[in-house]
Amino acid sequence: MRVLVVGEGGREHALSWKIAQSPKVTKVYVAPGNGGTEQEALLTNINIKSDDINELASFAMKEQIDLTIIGPEDPLVHGITDKFQALGLKCFGPSKDASQLEGSKEFMKDFLQKNNIPTAEYQTFTDATKAIEFVKKTGCPIVIKADGLAAGKGVTIALTLEEATNAIHQSLESEIFGKAGKKIVIEEYLEGEEASFIVITDGVTAIPFASSQDHKARDEMDLGPNTGGMGAYSPAPIVDEVIHKKIMNQVIYPTLEGIRKEGYQYCGFLYAGMMIDKENRLKVLEFNCRFGDPETQPIMMRLKSDLAEICDKACDLNLKNEKLEWDERKAIGVVMASKGYPFKYEKNKPIKNIPLERDDLKVFHAGTKLDSGLVKSNGGRVLCITTLGESVELAQKKAYDAVSKIEWEDAYYRKDIGYKAVERELNELS
Ligand code: AMP
Ligand code: GLY
């Protein structure tokens, strides 16, 4: 099987690394890839951007690609799967219509309401005065979300009316998110613990991946600005058997049924961002029509099954008899970012002493490039140091030990990735 993986982040490094391990796979291209995928003997980077749907389709035709796997949301929301399928190419990822679950918060919230799937109360606004009146009536904290794709930056948790008013003005009037923020969803603030629940689906059958949790806040103790994710671990201890079943029955199956009712096609990864409260009630925070980043990195470390084969079967609408096998060990991924991320940061800084791959350690690259064989930073989130251990605590120690060996003067990282899971482990022991 000749495979093309689309994307350039840590997620795509982990997915393509895993795909290349399949005995069925003879060639893996990554478009455009990064410094890490370029270093992998079994992967070949090609210089086509992940949003250049026409070029990607021409490449797939010319190179007789058997299966294309889409990493990021942007090409999905812009219809890459529809385009590939029209050309007779197999493409793993939901159709343009179905990808609205991530592409439009308004669509997602209306969809959830229509299908009786639990989520926070909300209202949609295009007018700032009306939005502010609503916040005055409801009170704070409250959550303001840009309707469209805003590269993970479109959500403000406003603790005061002033913060809410600012967020509303910036999105609707200053248009800091462009078209994506000309409409906003304002929703009830939810308390609880978050978990990422990701399945692979052919539209009918859904096979869950191991659960995971990511750390979206930039700073320790989950403080500071929201980012794409500063680290993740798997499994998420909060997702026990009961919660797992609840998520499947209250969220995943009704979602697939709702998608079928709309007449949309969903073959791909479906990511439900969940909030679970103290009484174990759950609500959907968000849907992504793709795998999570950085959740992919620890999850792929634990996956024993053949990812290429299972994605291929999903495209053939043939997941019914499949299951996934897991390494029982715990996995953790610590993101090393450029100082200043998620705001302004510098690129082109040399990074040395990156530990080599072992059975229990893999450094996945995101914003890196190779410059005469030397790894240089080339983005906000740069590396994800991913390890396996008998406990989260042991995996965490290994990851931070590896982090301390990496020489890169501009590095910023959280020192507490996995802290909630480690606390739980310690409580269980005592
Ligand atoms: P989203 O992109 O919608 O997942 O939002 C990004 C992050 O903001 C989530 O992972 C949560 O940490 C937080 N968040 C989003 N919606 C809410 C909510 N209604 N209540 C509390 N936190 C939220
Ligand atoms: N880590 C969150 C996301 O991928 O959206």
Side-chain angles (χ1 to χ4, degrees), residues 7 9-12 14-15 71-74 76-77 99 101-109 112 118-123 135 138 140-159 163-164 167 171 177 180-181 184-198 209 211-218 221-234 236 269-277 281-300 333-335 337 342 364 366 380-381 384 414 417 420:
R11 168 183 47 219
E12 288 78 21
L15 290 175
E73 61 278 16
D74 204 87
L76 290 168
V77 169
S99 300
L101 278 183
E102 175 165 5
S104 162
K105 299 267 186 214
E106 184 187 34
F107 173 87
M108 176 206 63
K109 296 293 289 190
L112 290 173
T119 190
E121 298 287 329
Y122 72 103
Q123 264 195 47
V135 174
T138 344
C140 290
I142 201 155
V143 185
I144 323 273
K145 298 184 174 185
D147 174 58
L149 294 181
K153 299 187 179 76
V155 174
T156 305
I157 296 176
L159 301 178
E163 279 171 19
S171 192
F177 306 119
I184 53 172
V185 167
I186 302 191
E187 71 175 31
E188 169 201 8
Y189 173 78
L190 300 174
E191 277 178 276
E193 196 168 336
E194 277 184 59
S196 311
F197 196 88
I198 303 163
F209 282 91
S211 62
S212 59
Q213 216 156 358
D214 82 339
H215 292 272
K216 285 221 172 84
R218 188 193 57 193
M221 303 306 289
D222 297 316
L223 299 173
N226 204 26
T227 71
M230 296 301 290
Y233 53 95
S234 167
F269 301 123
L270 171 65
Y271 168 135
M274 305 297 312
M275 185 70 94
I276 302 159
D277 74 9
R281 283 176 303 210
L282 36 103
K283 287 194 174 160
V284 176
L285 285 174
E286 63 164 339
F287 276 130
N288 294 319
C289 56
R290 48 160 177 90
F291 225 105
D293 192 338
E295 290 94 327
T296 312
Q297 293 85 317
I299 291 179
M300 289 304 134
V334 174
V335 168
F364 292 111
R381 291 187 294 170
C384 183
R414 276 179 60 163
I417 298 302
K420 281 190 195 148

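When a ligand or atom number is given, it counts from 1 through the structure's own listing order. The structure presented is a predicted model; accordingly, all values stated were derived computationally and were not measured.
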Would you say that more than 12 heavy atoms from the other residues, nucleotides or ligands in this model lie under 6.0 Å from the CD of Glu188, or not? yes
Please determine if Glu295 has a nitrogen or oxygen closer than 3.5 Å to a nitrogen or oxygen of ligand 2. yes
Whether the side chain of Glu102 engages the backbone of Ser99 through a donor-acceptor N/O pair (distance < 3.5 Å, no angle test) should be reported. no
What orientation do Phe269 and Phe209 show, parallel under 30°, tilted 30 to 60°, or perpendicular over 60°? perpendicular
State the CE-CD distance between Met275 and Glu193, to the nearest 0.5 angstrom. 9.5 Å
Note: ligand 1 atoms sitting under 4.0 Å from heavy atoms of Tyr189 are 20 (N), 21 (C)
Considering non-hydrogen atoms of the protein only, which is the closest contact for atom 4 (O) of ligand 1, and what is the distance? Glu286 CD, 2.9 Å
For atom 11 (C) of ligand 1, the closest protein heavy atom turns out to be Glu194 OE2, 3.0 Å
Tell me whether Asn288 has any N or O atom under 3.5 angstrom from an N or O of ligand 2. yes
Donor-acceptor pair, Ser104 side chain versus Gly148 backbone, under 3.5 Å? no
Which heavy atom of the protein is the closest neighbour of atom 6 (C) of ligand 1, given with residue, atom name and distance? Asn226 ND2, 3.8 Å
Between ligand 2 and Arg290, is the shortest N or O to N or O distance under 3.5 Å? yes
Treating Asp293 as the side-chain partner and Arg11 as the backbone partner, does any N or O pair qualify as donor plus acceptor under 3.5 Å? yes
Using 4.0 Å as the upper bound for N to carboxylate O, is an ion pair formed by Asp147 and Lys109? no
Ligand-side contact atoms (ligand 2) for residue partner Gly228, heavy atom cut-off under 4.0 Å: 1 (N), 2 (C)
With heavy atoms and a 4.0 Å threshold, my read on which part of Leu190 contacts ligand 1 is both
Closest non-hydrogen protein atom to atom 8 (O) of ligand 1, residue and atom name please, with distance? Val155 CG1, 3.7 Å
For Lys216, the atoms of ligand 1 under 4.0 Å from one of its heavy atoms are 10 (O)
In ligand 2, the atoms that come under 4.0 Å of a heavy atom of Gly292 are 4 (O)
For atom 1 (N) of ligand 2, find the nearest protein heavy atom and state the residue, atom name and distance (0.1 Å precision). Asp214 OD2, 2.6 Å
Measure across Arg218 and Thr227 and return the closest heavy-atom pair with its distance rounded to 0.1 Å. CB-CG2, 3.7 Å
Let me see the working for Val284 and Met274 under side chain to side chain contact (heavy atoms under 4.5 Å, CB included), right down to the final yes or no. CA-CA 5 Å; Val284 176; Met274 305 297 312; 4.1 Å; yes
Should you measure from each heavy atom of Lys105, which atoms of ligand 1 turn up under 4.0 Å away? 1 (P), 2 (O), 3 (O)
Any donor-acceptor N/O pair, Arg381 side chain to Gly229 backbone, under 3.5 Å: yes
Measure the distance from atom 16 (N) of ligand 1 to every protein heavy atom, then report the residue, atom name and distance (to 0.1 Å) of the closest one. Lys145 NZ, 3.0 Å
Side chain, backbone, both or neither: which part of Val143 has a heavy atom under 4.0 Å from ligand 1? side chain
The atoms of ligand 1 lying under 4.0 Å from a heavy atom of Glu187, numbered in the order shown, are 16 (N), 17 (C), 18 (C), 19 (N)
At what distance is the nearest protein heavy atom to atom 17 (C) of ligand 1, and which residue and atom is it? Leu285 CD2, 3.4 Å
Got the closest protein heavy atom to atom 13 (C) of ligand 1, with its distance? Ile157 CD1, 3.7 Å
Derivation and outcome, side chain to side chain contact (heavy atoms under 4.5 Å, CB included), residues Phe291 and Ile299: CA-CA 10 Å; Phe291 225 105; Ile299 291 179; 3.8 Å; yes
Can you check whether Glu194's main-chain N or O pairs, donor with acceptor, with Gln213's side chain at less than 3.5 Å? yes
In ligand 2, which numbered atoms sit nearer than 4.0 Å to a non-hydrogen atom of Lys216? 2 (C)
